[in-house]
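Note sheet for the following structure.
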Amino acid sequence: MPSPRGRERGPRRWPGVAAVLLALALAFVLLARFVQLPGLGNLFGTETNDRSGPAVLKSIQDMNRHEGALGSYQVVVDLEKDARFLPDAIRGTRTLYVAYGSVSSYVDLSGLRSDAVTVDEERTTATLRLPHARLGDPALDPDRSYTVSKQRGLLDRLGDLFSDNPAGETAVHRLAAQHIGEAARESDLTSRAERNTTAMLQGLLGALGFDKVTVTYT
């Protein structure tokens, strides 16, 4: 007849077996998530389905301005985030991103005063006083921009499993737009916009019979 002590050992094995099975299952999921297993393909891969609803028009704004120039830019962003006292293999990310974007330069015509346009009595000479050209916000081109590489530490990879925005690149996009905006400010985009606006107004008013059209920017 088995002793009471022997009978007590049987049921105690089940928690240990369950823990081992759970650990093996977790290891298998992590291995399949980060390592391509031969013969299994992308077992735990994701599938993208567009279930978005239709776009809803919120507002319409009249654009009382003349787009005088448009600059196209390319920038390579190398963004690295490190953790203190931890190696990059454990915690840290580095993203290499090639961004394409554009910046427009325009002359705002919405705030012109009544004395901004002066015409002589013969209606052959016109003088226009306009504000200086401005730069629009940088606009990234998602169809041409792409990520070259993205390195992540082990903790960052594990965090992506429970993140609503895994491997998010918002910071990279923001930095790319910042660099493109800086490049636009250092260029002659506003000067070119003013020259093109002047040429457009001179051609338009010349077709209306004005012999001399002077455009100044203040």
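The figures here come from the full heavy-atom set of this structure, side chains too, leaving out hydrogens, waters and symmetry mates.
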Under 3.5 Å, which donor-acceptor pairs link side chains of residues 171-182 to any protein atom two or more places apart or in another chain?
residue	atom	partner	partner atom	Å
His173	NE2	Tyr97	OH	3.4
Gln178	NE2	Glu182	OE2	3.3

What pair of heavy atoms forms the shortest contact from [X] to [Y], and how long is it?
X      : Y      : value
Ala193 : Ala133 : CB-CB, 4.0 Å
Gly136 : Val103 : O-CG1, 3.5 Å
Tyr73  : Ala184 : OH-CA, 3.3 Å

side-chain hydrogen bond (donor to acceptor under 3.5 Å, both in side chains) with [X]: which residues, sequence neighbours excluded?
X      : result
Glu194 : His132
Thr95  : Lys150
Thr147 : Glu169
Thr197 : His66

Original post:
Counting heavy atoms not belonging to Asp137, are there more than 12 under 6.0 Å from its CG?
Top reply: no
**OP:** Inspect the surroundings of CZ in Arg195 and state if more than 12 heavy atoms from other residues, nucleotides or ligands are less than 6.0 Å away.
**Re:**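 Yes, CZ of Arg195 has more than 12 neighbouring heavy atoms, counting only those of other groups under 6.0 Å.
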What residues form a side chain to side chain contact (heavy atoms under 4.5 Å, CB included) with [X], not counting sequence neighbours?
X      : result
Thr216 : Arg129, Thr214
Val98  : Gln74, Val76, Tyr100, Tyr146, Val148
Ser110 : Asn64, Asp108
Asp211 : Thr124

Subject >> Residues Arg123 and Glu121 bridged, charged N to O under 4.0 Å >> reply: no
Subject >> Which residues share a salt bridge (charged side-chain N to carboxylate O under 4.0 Å, His left out) with Asp115, sequence neighbours left out >> reply: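 Arg113.
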Original post:
When Ile, Leu, Val, Met, Phe, Trp and Tyr are grouped by side-chain heavy atoms lying under 4.5 Å apart, directly or through other members, which residues fall in the same group as Met200?
Top reply: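 When side chains under 4.5 Å apart are linked, the cluster holding Met200 also contains Val107, Leu109, Leu112, Val117, Val119, Leu128, Leu130, Leu201, Leu205, Leu208, Phe210, Val213, Val215, Tyr217.
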Subject >> Side-chain hydrophobic cluster, 4.5 Å single linkage: members besides Leu70 >> reply: none
**OP:** Please answer whether the main-chain N or O of Thr125 pairs with a side-chain N or O of Asp120 as donor and acceptor at a distance below 3.5 Å.
**Re:** yes
Subject >> Interatomic spacing from OG in Ser104 to CG in Leu135 - rounded to 0.5 Å >> reply: 8.0 Å
